[in-house]
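In what follows, a single structure is set out as structure tokens and then discussed.
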Amino acid sequence: MANNTPEKKEEKAVEKTNFIRNIIDEDLKTGKYDGRVHTRFPPEPNGYLHIGHAKSICLNFGIASDYNGLCNLRFDDTNPSKEEVEYVESIKEDVRWLGFDWQDRLYYASDYYEQLYQYALQLTKTGKAYVCDLGSREIKDYRGTLTEPGKESPYRNRPVEENLDLFERMRAGEFADGSRVLRAKIDMSSPNLNMRDPVIYRILKATHHRTGDTWCIYPMYDFAHGLSDSIEGITHSICTLEFEDHRPLYDWFLDQLEVYHPQQIEFARLNLNYTVMSKRKLKELVDNKHVSGWDDPRMPSISGLRRRGYTRESIRDFADRIGVAKKESTVDIALLEHCLREDLNARAPRVMAVLHPLKVVITNYPEDQVEELDAENNPEEPAAGTRKIPFSREVYIEQDDFREDPPKKFFRLSPGREIRLKHAYYIKCEKVIKDEKTGEIIELHCTYDPESRGGWTNDGRKVRGTSHWVSAAHAIKAEVRLYGHLFDRENPEEEKDDTDFKNFLNPNSLEVLGDCMVEPGLAEIRPGTHCQFLRQGYFCADPDSKPGKPVFNRTVSLRDSWAKIRKKTQNAK
RNA sequence: UGGGGCGUCGCCAAGCGGUAAGGCAUCGGUUUUUGGAGCCGAUAUUCGUAGGUUCGAAUCCUGCCGCCCCAGCCA
């Protein structure tokens with residue numbers, strides 16, 4: 001709460017300056033839309049949303065909110081063969097989860113089918129559209145190429161009456177799929193291929209997830225999109241760069257029909273390194289079982305990030321920080337991780353968990369004694385209070401926290417050295433017990449200093465190392481899933497054209513640890529709960545958790561300067 | 001070879017004719033009962049490039065170079 005002062009919010013709002021806001025500011029100044037700002041987020045329900053969509057959602061809803069405007073959620077559902085209710089439900093859930101509210105403005109392009117049909121009729125009546133009997137292959141041939149103009153369809157000059165009759169019969173279902181289309185009559189020699197008599201209606205005898213079998217002709221996206229924006233009174237229709245070439249076409253429809261004219265503004269979509277950002281490719285990973293589903297914690301989907309433990313706050317902060325521009329860019333995933341750490345550092349309760357347990361026997365600690373020690377829940381947030389954790393003669397520490405031959409700058413436990421067990425006592429390593437055959441270290445014999453209760457003494461002793469631990473007798477066994485990048489290339493799509501992006505999947509993106517030991521308070525943790533495993537990272541309880549058998553996802557590790565030192569000295573050698 | 005866009009630090013990104021914000025990453029230092037967090041500091045004489053206009057250009061003009069998108073009855 002203390003962090004959410006209006007002041008801080010203002011600071012952030014000031015930072016938000018981008019070319020789209022500049023345009024809106026200008027429009028507001030000139031009164032172009034009578035001071036209205038009305039945006040929309042228009043997904044097609046043919047897959048789950050990913051973080052690239054989050055950028056767009058934050059942009060559209062964020063602008064509406066900052067300018068006292070409105071933002072609609074509209075499904076552009078013009079292709080029944082690829083769309084499903086499952087996707088519309090997941091999209092609604094994800095937008096809501098991100099914290100945005102479309103209130104009563106949930107729309108579907110399919111709501112406008114009748115209106116769009118009337119528009120198409122109007123174009124036909126005014127000689128601006130015609131029914132074409134060419135097959136798809138022929139239409140393609142007639143379209144020409146990038147450098148050569150197209151040829152006019154032999155059906156281009158059909159009389160209006162005949163077009164009307166045919167179009168009405170298309171709607172009535174008299175013709176087979178693909179046998180005829182309705183086309184806009186524009187210019188077959190336009191250098192913009194979108195203007196070469198684009199198809200605006202096709203016959204598709206498919207059941208639509210909302211309109212069922214009411215229709216057997218469906219408008220093309222290019223026809224439906226701009227007109228839907230117009231119908232909704234959108235002022236600023238924000239979309240991605242690839243639609244820049246389509247804007248003249250949308251404008252053409254609007255002008256011919258003489259209807260309200262929104263302004264389209266294009267921005268560069270988000271790319272993140274070490275992952276892919278296209279619904280088609282993500283669906284491919286799901287369909288081919290390279291991941292467990294759309295919500296696999298390695299996926300850049302909103303549902304994947306959510307399951308992984310990403311917070312909506314961190315995603316929205318990320319969206320603010322990456323900015324909006326027309327330059328195509330690939331953002332370093334380290335920025336996303338930074339936003340997450342910053343958020344979780346402030347809020348996540350600290351807890352102790354040992355991922356790779358090494359048993360420590362404290363030889364001078366009374367056999368049957370158990371102490372309840374106080375542990376602070378979050379040093380960043382004193383109000384989070386403390387909790388009790390049990391301490392006894394045998395504890396587990398992390399294998400990495402002990403080295404028989406400590407390298408330079410290693411200041412954790414090693415023979416003869418002393419470290420602090422967080423919130424507990426100083427212990428000193430007296431003896432290393434090994435498996436006689438394998439030489440593997442089985443356990444450590446240590447002594448503790450009773451004067452150091454709580455992990456501190458006033459004698460000026462310098463104890464540099466601090467380890468997390470759990471009491472062996474009280475620990476709960478847990479499964480922990482560690483995640484790495486989904487791909488091992490920074491840009492899996494940029495490699496030579498004919499290589500499949502799936503070749504670059506990181507085979508080590510998932511590591512499951514089955515024998516982790518966590519403090520007893522975590523036994524019945526609710527799925528979705530965030531916490532920091534002290535010194536290791538932020539983790540989130542997975543829905544696979546069962547009472548007494550928690551499962552954790554590592555959301556992101558803590559920054560690890562020891563790992564950095566180690567890497568550096570290794571590289572130096 | 002047609003059309004539409006884009007090029008400011010390793011990655012994002014402000015800047016809109018008055019002399020290069022900010023964030024991430026990186027590197028130092030400091031602090032610390034998380035090698036976490038925090039704090040302090042460093043990091044583009046230069047804005048793809050070559051010319052031109054101007055007292056003055058990342059910002060205006062011209063040429064060149066590079067990258068992206070467009071030939072679905074997908075969105």
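None of these values were measured; they are calculated from a predicted model. To find a chain, count down the sequence lines: A is the first, B the second, and so on, and within it residues start at 1. The analysis underlying the following values was restricted to heavy atoms, covering all of them including side chains, and did not include hydrogens, waters or symmetry mates.
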What nucleotide among [options] has an atom nearest to a side-chain atom of [X]?
X        : options                : answer
A:Glu244 : B:rG36, B:rA14, B:rG4  : B:rG4
A:Arg202 : B:rA37, B:rA75, B:rA13 : B:rA75
A:Leu335 : B:rA25, B:rU34, B:rC24 : B:rC24
A:Ile322 : B:rA37, B:rC12, B:rU33 : B:rC12
A:Asp560 : B:rG35, B:rU1, B:rG5   : B:rG35
A:Arg559 : B:rU33, B:rG36, B:rC12 : B:rG36
A:Lys564 : B:rG7, B:rC24, B:rC27  : B:rC27
A:Met220 : B:rC73, B:rG35, B:rC24 : B:rC73

Answer yes if the side chains of [X] and [Y] hold a donor-acceptor pair under 3.5 Å, and no otherwise.
X        : Y        : result
A:Asn46  : A:Glu83  : no
A:Thr466 : A:Arg420 : yes
A:Tyr112 : A:Glu232 : yes

Hey, is the side chain of [X] poking within less than 4.0 Å of OP1 or OP2 on [N], counting only N and O atoms?
X        : N      : answer
A:Thr147 : B:rG3  : no
A:Ser561 : B:rG36 : yes
A:Lys279 : B:rA75 : no
A:Arg535 : B:rG35 : yes
A:Lys327 : B:rU8  : yes

Tell me whether the side-chain N or O atoms of [X] pair up with the base of [N] as donor and acceptor below 3.5 Å, since no angle test is needed here.
X        : N      : answer
A:Glu380 : B:rG36 : yes
A:Gln536 : B:rU34 : no
A:Arg412 : B:rG35 : yes

Please confirm whether the backbone N or O of [Y] pairs with a side-chain atom of [X], one donor and one acceptor, at under 3.5 Å?
X        : Y        : value
A:Arg566 : A:Ser561 : no
A:Thr457 : A:Ser452 : no
A:His50  : A:Gly52  : yes

With a 3.5 Å limit on both atom pairs, tell me what B:rC16 is paired to, counting Watson-Crick and G-U wobble, or say none.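 Partner of B:rC16: none found under 3.5 Å.
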
Tell me which nucleotide, if any, is Watson-Crick or G-U wobble paired with B:rU1 when both distances must be under 3.5 Å.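 No nucleotide pairs with B:rU1.
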
If I pick the C1' atom on B:rU33 and the same atom on B:rG23, what distance separates them, to the nearest angstrom?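 Comparing C1' positions in B:rG23 and B:rU33 gives a spacing of 32 Å.
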
Syn/anti state of B:rG15 by chi, 90° boundary around 0: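 With its glycosidic angle more than 90° from zero, B:rG15 counts as anti.
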
Need to verify one output field. Residue with the more 5' nearest nucleotide on RNA chain B, A:Cys132 or A:Val324?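 It is A:Val324 whose nearest nucleotide is closer to the 5' end.
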
Find which nucleotide of RNA chain B each of A:Lys82 and A:Phe19 is nearest to by heavy atoms, and output the residue with the more 5' nucleotide.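 Comparing both residues, the 5'-ward one is A:Phe19.
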
List the protein contact pattern of nucleotides 64-71 of chain B with one symbol per nucleotide (5' to 3'): B for base contact, S for sugar-phosphate-only contact, - for none; contact means a heavy-atom distance under 4.0 Å. ----SBBB

Side chain to side chain contact (heavy atoms under 4.5 Å, CB included), paired with A:Met188, selected from A:Glu152, A:Lys151, A:Met195: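 Of A:Glu152, A:Lys151, A:Met195, side chain to side chain contact (heavy atoms under 4.5 Å, CB included) with A:Met188 is met by A:Glu152 alone.
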
Please say which of A:Val354, A:Leu534, A:Val351 ends up in a side chain to side chain contact (heavy atoms under 4.5 Å, CB included) with A:Glu519.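 Of all the options given, the one that passes is A:Val351.
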
